[in-house]
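Everything quoted here is computed from the prediction, not taken from an experiment. By convention in this document, chain letters (A, B, ...) are assigned in the order of the sequence lines, proteins followed by strands, and residues within each chain are numbered from 1.
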Amino acid sequence: MNGFGGFLLRRTIGTLATLLAISVIVYVVFYVTPGNVAQITCGPRCSPEQVHQVAQQLHLDDPLYVRYWHFLQGLVVGQDYSTGTSVEHCSAPCLGLSYQTDQQVLSIILTRLPVSLSLVTGAMVLWLVLGVGTGVLSVWRRGRLTERVLTGLTLAGWATPVFVIGLVLMIVVCGELQLLPFPQYVKFTDDPEQWAWNLLLPWFSLALIESAAFARMTRSSMLETLAEDHIRTFRAYGVGERSIVGRHALRGALAPVIALNANNFGSAVGGAVLTETLFGLPGLGQELVHAVSVVDLPVVVGVVLVVGFFVVLANAVADVLYAVADRRVVLT
Amino acid sequence: MSLVQVTDLTVEFGDLRAVDGLSFTLERGAALALVGESGSGKSTVASALLGLHHGTGARLGGSIEVAGTDVQDASDAELRKLRGAKAAMVFQDPLSSLDPYYAIGDQIAEVYRVHTRASRRAARARAVEVLDRVGIPDARSRSRSRPHEFSGGMRQRALIAMALACEPELLIADEPTTALDVTVQAQILDLLHTLREETGMGLLLVTHDVGVAAESVDRVLVMRHGRVVEQGPVAGVLGAPTQPYTRELLSAVPRVDAARVPSQASEGVVLEASGLRREFGRGKRAFAAVDDVSLTVHRGETLGVVGESGSGKTTLGRMLVGLLEPTAGEVRYDGHARVGVNPAVQMVFQDPVSSLNPRRSVGESIADPLRARGEHDEGRIRGRVTELLERVGLEGAHYQRYPHEFSGGQRQRVGIARALAADPRVIVCDEPVSALDVTTQAQVVALLGELQRELGLALVFVAHDLAVVRQVSDRVAVMRRGRIVETGPADEVYDNPQDPYTRQLLAAVPALDPEVAARRRAARRELASA
Amino acid sequence: GPKDNDANGSSGDSTPHKGGTLTVLNSDPQTDFDPARLYTSGGGNVPSLVFRTLTTRNRADGAAGTKVVPDLATDTGRPSKNATVWTYTLKKGLKYEDGTAITSADIKYGIERSFAPELSGGAPYLRDWLVGAADYQGPYKDKKGLSAIETPDDRTIVFHLNKPEGEFPFLATQTQFTPVPQAKDTGTKYEEHPVSSGPYKVVKNENDGEHLVLERNKYWSAAVDDQRKAYPDTIDVQSGLDSSVINQRLSASQGTDAAAVTTDTNLGPAELAKVTGDKELAARVGTGHFGYTNYIAFNPKVKPFDNPKVRQAISYAVDRSSVVNAAGGSALAEPATTFLPNQKSFGYTPYDLFPAGDTGNAAKAKELLKEAGYPNGLTVTLTHDNADNFKTSPEIATAIQDALKKAGITVKLQGLEDNNYSDTVHSVKTEPGFFLAAWGADWPSGGPFLAPIFDGRQIVKDGANFNASQLNDASVNAEIDAINKLTDLDAAAQRWGALDKKIGAQALTVPLFHPVYKRLVGKDIKNVVISDWTGVLDISQVAVK
Amino acid sequence: MSEALVATQAPEALASGASGARQFWRRLRTQRAATVAAGIVALLVLVALAAPLLTALEGQDPTTYHPSLIDSARGGVPTGSLGGISGHHWLGVEPQTGRDLFARLVYGARVSLGVAFSATVIQVFVGLVVGVAAALGGRWIDQLLSRITDIFVALPLMIMSLALLAIVPQSFPRPVLVTLVIGLISWGSIAKIVRAQTLTLKGLDYVAAARLSGWGAWRIARRELLPGLAAPVITYASILIPVNISVEAALSFLGVGVKPPTPSWGQMLTAADVWYQAAPQYLLLPAGALFVTVLALAVLGDGVRTALDPRAASRLGVGTGRGRGRGREAVTTAKEESA
Ligand SMILES: Nc1ncnc2c1ncn2[C@@H]1O[C@H](COP(=O)(O)OP(=O)(O)OP(=O)(O)O)[C@@H](O)[C@H]1O
Ligand SMILES: Nc1ncnc2c1ncn2[C@@H]1O[C@H](COP(=O)(O)OP(=O)(O)OP(=O)(O)O)[C@@H](O)[C@H]1O
Ligand SMILES: [Mg+2]
Ligand SMILES: [Mg+2]
C-alpha cells in the first residue's frame, strides 16, 4: 500500500495497537501495585465483609484477564450497570464506571477534555510563537546583546517551576494589578471572550516554560541550516539577513521543531497537571493524578487512552507535516 | 570607469594562499574568461568580487571595485545592494545551491523582489520568464518543482535564470555549463552573448573548458597557483599562447573528432538492465524519467551515455547501482537479479558537494569502502587512501581536510577516489570530469583507462562533453526523454549518427577556434529566427 | 476586557444580615454528596446546609460547640435504661425542598441505604451497633429492611442497639440519619441531586462536585431549625483550587472573594509567616481546634519494640519542638503528651509520663536503652507516608530522625506512597514496628478516639486495623464497655481521660502534637463561628452582609 | 598542486588518528562563552563531589536541625536577617527546620546533577538508537518502533513509576533507581526528534555514497548520521537536564525518589515554592543554582555543537589544523602513539 491512503490505514492500525498495548500496561501496572481498591472505595473504616462486598460489586475478585476482557467488551458493545435502584446502560464505546464516583468514565473525560484542550491548544499557540519567535530572533541577532538577553530569559523560564511562575503571575496580575480575574474555567461555548481572558494566565505560565525548549531547538537547527550551501546563494543575491534567517534557515530547521511540538502537545494534554492544579482548571491531568492516587483504574485507563490518542494523533499530524515541509520525506 | 577593477588581490585561507597578487579589469559589456587548473583560485576570485569572503576565516588583501562599489570596504547594506542587482553570481555547485524546501520559481521571485519593488505576482511571472529563457521546458509548471525534482542540468539553468532575473551589470558565472549537454550549453552561451549585446552586461566566466571560453568571451586570463600566467584577447591567448602552461592546457583539450584506442572489452556481461522504467510523482503529475531502457555492460568496456539534460541519465545510473528501485524492469549483475546495493558496483555522483559528508574529513570518506571490507590496519588504510588521492591528482596530505575546503574540481576527484577505493568491477560515473580543467581531466581519464586495463573495470560514463565521451567510450548510448534513441560503437555513432537528435548534439559541440565559434553561433541564430 | 466581579462594599456595622452570595473556595471537590457515603457529622460543612439529621453539633464557638443538640428531632434522644434503645420524635412541620413532609420512615430508609455496598463510605458504627445489621446489604438487595429500626408513626423512630451506647446522640449527627424519600432515591445517582431537608438546596452540581451552587430551600424555616442561621441567599462552592491560590485569593479579597471562605484549606506555615506580619490579615484569621492527635505508633510484635524500655527511650528522646516546627510551628501545632486531644469534651486529663521536655531527654533515653540491652544505641526503621500532609509526612519523620540521633538511635526512613502506606500500616500482616500515625475524632468524645486504637476486640485481622499496638487488655476492654453504658457524657469524659492515662503508661504510642487550624476569611465575612467539634468555621452561621 | 599548501605541510604529521578530537577541542577552546560555561559546569561538578569538604569548611551538615534559628510562632521562618545568613550559615537556614542551606545546596547538587546527567545520558542513548533505527529501518520496523515510542510518550511517568515501585525492592539504591526510571521511561521525545532529523538526512547523497561503500545501516548511522544529529540532540539534552531534576523531585513524592533527609535541588524547589514570600532565599537558592546550571549547559551545548561542525571553523576565524603548530602537535602525538 502506498500513498496517503496507505499511510492513513497503517497509522490507524498502529494507533489501535498502541492504545491496546497502553491499556494492557495500565491494567497490569495497577494489578501489581499496592493499594487496596475496595478498601479505598469503601473508606478506611470499612469492615472486611463490606470491603469484600465492594470488591465483588466492582469485580475486583475476577482474574486480571477477565477484568480486561470486560473492559474490551464494554468498548465494543457497551455495558449495563446498576445504580442500586435501576439498571442503566453505558453505550459503546464504554470505558466503564469510576470506582470512586460511579460515573461513566467517558462522560467524566468528555467534560474534562475541553478544558485540557483549551489549555494546551492556547498554550501551544503561545509557546510556538514565543519559542520559535525567540529562536528566530536569537539567530537573527546572534552574538549580540538581544540574543544573550533572550537566551537568559527563556532559560530562566525553563529553569523555574511552573508553580512559581504561575503563582507569581497570578499574584501580580490578578492580586496586585487586578488586570485579570483569578482564573476560573469558563466554557468556550458559554462565553468565548471570558474563556480566553480566564485562560490567559494559564496559557502564559505553561507557554513560558515550554517555549524555552522550542527556542533552543529552533535556534540550533537554524544555525545548522545556515551552514548549508544554499544559504550562500541567497546571500550572494543580496537577500537580507532577516529573510535568510526567517525564511530559508527557519524552513530547514522545522523537522525537529515539529517533532518536539507533536510530543509536547500530546503529552501536555494529560501532563499539564501542575498548571491545571494551580489554576484550578478541571482538566484531564488533574483527574488523572487524582484517579491514580485513589487507584481508580477505569478512570486511569480512560484518561491514559484519551491522552494516548492525542499523542498518537499529534505525531501522525507531525509526520504529515514534515512530509509537507520537506518533500523529500516519504510517509511510512 | 571599468566595471571591475581588481588590483593585487590576495586571498589566504589559514596558511594557504589561494590567490596571490592578481590584477585585472573588466569593462562594461566585455567578457573575460578565467581559465586554469583546478584549485588554482578561480572560484575564490569570483567570490571575492561579491565580498562573499566577508565574515569567514579568509584574509583578503589588495583592492576590488565592482560597479562603483569598493567591495573591501563596503558595509553590509552596500554589499547587499551590489549583490544580485549589479553583480550576480552563478555558483559552481549548482546542485546544492538552491533551497531544497522552496519551489524554484519562488526562489527566483524572491531574489527578484529583493531588488525591484515588483509585486509577488509580477515577480513570479518574471521567474517563469527567465526559466523559459534558459530553456526549462514547460517553465510555468516546472517553476513549482522543488530542486530535488530537477535534474542536474535543470538546476544549473535555474541558477542562471536567477542570475539573469535582475538584469545585472555584471554576471559572474562559475562553471555555468558543467552540467549541461552541448545543445543546452550552446543555447545558454548564446543567451549570455545576446544579453551582453542587448544590455551591455559584463561577463566574468570562470571555466576550465577552453572551448566554452573560446565561444563566449573576448579576453582570457589563465591562472595557476593563484597567479596570472597569461592574459589577453581570446584569439591571441588561445591562438598563439606565449606561456608553456597555456600551451600544455590547450594541447590537452580532447577533440570530438579523435577516435579512441579501443579497450580490450571481453565478452562477459557484468551488468545488464532490461526494460528499466522509473516514474516520479503520482497522479496527474506522474511521468517516466526513464522509460523502457535496456542495456548491457561488458567486462572492461566503457559505455558512454550522452543526452540532453533531464533525459534520465542520473536516474538510470542510480538504478544501475541499486540506489533507486526501478518502477519496472530489472538490473542483473553477473547474471543474477539484484536488489539493493553492492560495493562492486560504484557510483561517482554528479553533485560532488552533497555526496561528501560535510562533517567528515575526505580521507575518512574515501577509507569507508576499505573499512567496510574489513581492513583494520590503519597504516594500510592511510597508505591506500593516500595512493588513491594521489592517483586522482590530489595530495595524500588532503586526508584531513573537510569537503568545504576544496575547490569544485578537487571535490569531484575525491568522489572518484572513493569509488575506486572499493575495488569495484563497475563504476557508474555521473559527470565525473565536468568540473575538471582539461589537464586534470586528461589525467583522470587516463587513470580510469589504466584501471580498466589492469582490473577489467567496466565503466558507465555519463557526460555531456561529447569529446570526452568519445575519448573514453567503446560504445555510446544516446538518451532523450527517458529513452535510448541510439546506441552503438562509439565511432559509428559519432561518425555516422542515425538519430536526428544525435546529429543535433554533435553539431552543438563548441569549437576551440573563436572565429569558428562565432560563425557557428551566427548560423544557430539564423536557424532559430528562421 | 476581563469581567470585574462587582465588589460588595463592606458595611461598617458588624451585625449579620440576610442576603448576598457566599463564595466557598475549596481545594477538594465535594465528590460525595450522597448522605449515605459521607463520614463526618453533618457530612462536613456544605452538606450540613442540605442535610438535616436527627441531632446535630451545637453551632457555637469553642468548647460550647462540642455539645450535641437536637436537629430534626425534638431532643437528643431518649435512651432506655441501659442505653440500648434510643427513641426520637421529629419536630412538626418539617419539609423537603419540594414541600413534601419529612417522615421517620424516610430516616429509616436513609440509614438502610447506607448499608448498600454501592453506597459505601460511611462510618462503621451503625453496622456495629444496630441489632442484626452486621450482614445487612441495604434495601436494594435486601427488601426486608432493618428490624432494629422501628417507625411506629410518622414522627417517631426507635433504634435497637446490640449493646449499651451512651454516645448514640453523637452518632445521630451523621448524615446517614438524614431523611431520604424512597421515591426519589436514584441509587448511585442520588448525589447528583440529593433532596434537601436543610436551608439550601442544590441547584447546580458540575463536574462531580467541583462547582456547586446552593440556593434557599423555601420550605425550610428557621422556626424548626434553631441551629442554622442561613444568612446568605446563595452559596457558591468552587473547588479544585490549589491551596496557596485559595489563601492568596482570600487575602486579596477582591470582588466576590471578599465574601469568601474556605472550608478545607488551612494556612500553611509559609503563609502564616506572612499573615502574622500583617495586622489587617491577622484580624481575618480564624483559629480552631479539632480533636486530633499525631503520634508515633509502635507495633510491639516487632523487635525491638516488644521491649517497653525501648519504647520509653524513644518517648524520652523525641524532640517535640522540632516536630512542632516541622508541622508548621507553635501556631499550627501544640505539643502533645497525652493521646487524647487537649479538650474537655474528650475528657482530657493532662499527663506526661515520659517527660522529654521541649527538646527531648537524650540522657534518659540512653540510660533506658542501656537497661534494655542496647548500650551502644540501636538502629530502627521509621515508616512514614510520602504524601505532603504535615501529619505522617517526611518532614515529621526527619525531625524525629534528627532528635533520636542525639540519643544514639539511628533512624532509617522508609517512605511509602500514600496508598501503600495505608495498606502497610493498617494491615496486621504487614504492619511495621515503628511508624507515624494520626487519629481524629468522629465526634468530640473519648469513645471514638480510644476504642478503635486500643480496644482489643477491634483488632481487624484481615482488613483495615487501627489498633496498631494490637493491644488486647481485658481490663481496658472492660473499662471501654463500662464507659459506653454511661449516658451522662460528662461523667463518661472523666473516665475516658483516666483510661487514656492508664494506657499511656504502656508507651504504646508517642503522642507528638495536636494540630491547630488557622484559616483566612474574606474581608466582608461576618459572624465567624468556630466550634471545637470541627475546628473550622461553620458556614451555616456566616453572613456576608 | 598549490605550492603554498605543500610548503606549509608536514604530510607525515597528518598520520595521527586523534586529530578529529583534537580539532574539536581547538574549535571549542576558541569560543570564550563556551569555555566559561565549561568552567562553570566543571565547578558545579566539583562542588558536588567536594560537598563533604565544603560543608566541613563551613562547619555544618545538611541534616542537623537548628530550632533556635527559626521563629516557631511564625510558621518557622528563619529568625536572622536575610534568611539567617551568618558566619555559621553562609546561605542561611531552611524554614521550619533550621537546617543549613549551604550544606543542603551543595549536597543537593550531588543528587540532582548526578541523577540528571546520568538519566540524560540514558535518554539520549535510547532515544538515538530507537530514533535512528526507526528512520532507517523498513516500513514495519519504523511502525513498530514509532508506536512503541508513542507508548512511552503517552504513558504518564507516574504510572510507569508505580509499576517500578511494585517491582523494585525497597533496598535497591534509590539514586540509581531514579536515574533508571527517568532514563528508561522518558526517552520518547528525543527518539522522535532523532527520527525526524534522520529522515531528512538519509535522503542526502553522502548517505547513498556510504551505502555504496558496503556499510550496514548501523555503521552508516554512526558515521554519517550521528554527526548531523548532534545539533538537535545536544540541544535537547541540555534542555532535558532541568526537567530531569524536577522529575526526580516528583518521583520522591511517589516513593521512588531519593530518600529524605538527603537533599536534592528538585525537592528543595518543591518544598520552597510556598515560601517565596516569607523566606525568598529558600526558593531563590535552588532556583538560582538550577538556572546557572541550565545556562551553563545551554551555552556549553552550543559551543560543542559549533565545535562539532568543521564548516563553522571558517565562521569562527580559526584554521582547521593545517597550520605548522598543529603539524608539530600531531607529530608528537604520532610518536607517543607509536611508542
Ligand atoms: N574555505 C576554504 N578553506 C580552505 N581552503 C580553501 C577553501 N576554499 C578553497 N580552498 C582552497 O583554495 C584553493 C583554490 O580554490 P578555488 O575554489 O578557488 O579553486 P578553483 O580554481 O575554483 O578550482 P576548480 O576549478 O576545481 O573549481 C584550493 O586549493 C582549495 O583547496
Ligand atoms: N526525485 C525526483 N522527483 C521528481 N522528478 C525527478 C526526481 N528526480 C529526477 N526527476 C526528473 O526526472 C527527469 C530525469 O532526471 P535526471 O536527473 O535523471 O536527468 P539527467 O539526465 O541526469 O539530467 P542532467 O544531465 O541535467 O543531470 C528530470 O525531468 C527530473 O526533473
Ligand atoms: Mg572552482
Ligand atoms: Mg544528472
* Asked: Judged by atom type as modelled, is there a donor-acceptor pair below 3.5 Å linking the side chain of C:Ser244 to the main-chain atoms of D:Val274?
  -> no
* **Euclidean distance, C:Thr398 OG1 relative to D:Arg99 CZ, rounded to 0.5 Å** => 5.0 Å
* **Non-hydrogen atoms of D:Ala278 and C:Ala270 that approach each other most closely** => CB-O, 3.6 Å
* Side chain / backbone / both / neither for C:Ala333 at chain D, heavy atoms under 4.5 Å -> neither
* Atom CZ of D:Phe125: over 12 foreign heavy atoms under 6.0 Å -> no
* **For C:Glu395 against D:Tyr65, the heavy-atom pair lying closest together** => O-OH, 3.6 Å
* Asked: Once you round to the nearest 0.5 Å, how far does CG of C:Asn325 lie from CD of D:Glu94?
  -> 11.5 Å
* Do you know the tightest heavy-atom contact between D:Pro260 and C:Leu413? -> O-CD1, 3.4 Å
* Toward chain D, the part of C:Leu332 with a non-hydrogen atom under 4.5 Å -> neither
* **Top of C:Gly328, C:Gly268, C:Ser243, C:Pro394 for chain D proximity - count of heavy-atom pairs under 4.5 angstrom** => C:Gly328
* To do: Report yes if the side chains of D:Thr63 and C:Lys405 come closer than 4.5 Å at any heavy-atom pair, otherwise no.
  => yes
* Structure fact -> Between C:Ala326 and D:Gln96 the two heavy atoms that sit nearest each other are O-NE2, 2.9 Å
* To do: Check whether C:Lys518 gets within reach of chain D through its side chain, its backbone, both or neither, counting any heavy atom under 4.5 Å.
  => neither
* Kindly give the heavy-atom pair with the smallest separation between D:Val77 and C:Ala273, and that separation in Å. => CG1-CB, 3.4 Å
* Could you tell me which portion of D:Ala73 (side chain, backbone, both or neither) has an atom closer than 4.5 angstrom to a non-hydrogen atom of chain C? => both
* **Value rounded to 0.5 Å, distance of CG in D:Asp71 from CG in C:Leu272** => 9.5 Å
* **Interface moiety of D:Tyr282 toward chain C, non-hydrogen atoms closer than 4.5 Å** => neither
* Structure fact -> Okay, C:Ala399 and chain D: the region with an atom under 4.5 Å from a heavy atom over there is both
* **Approximate separation, where rounding is to 0.5 Å, of C:Ser322 OG and D:His66 NE2** => 10.5 Å
* Asked: By a 4.5 Å heavy-atom criterion (distance strictly below it), what part of D:Thr64 contacts chain C: side chain, backbone, both, or neither?
  -> both
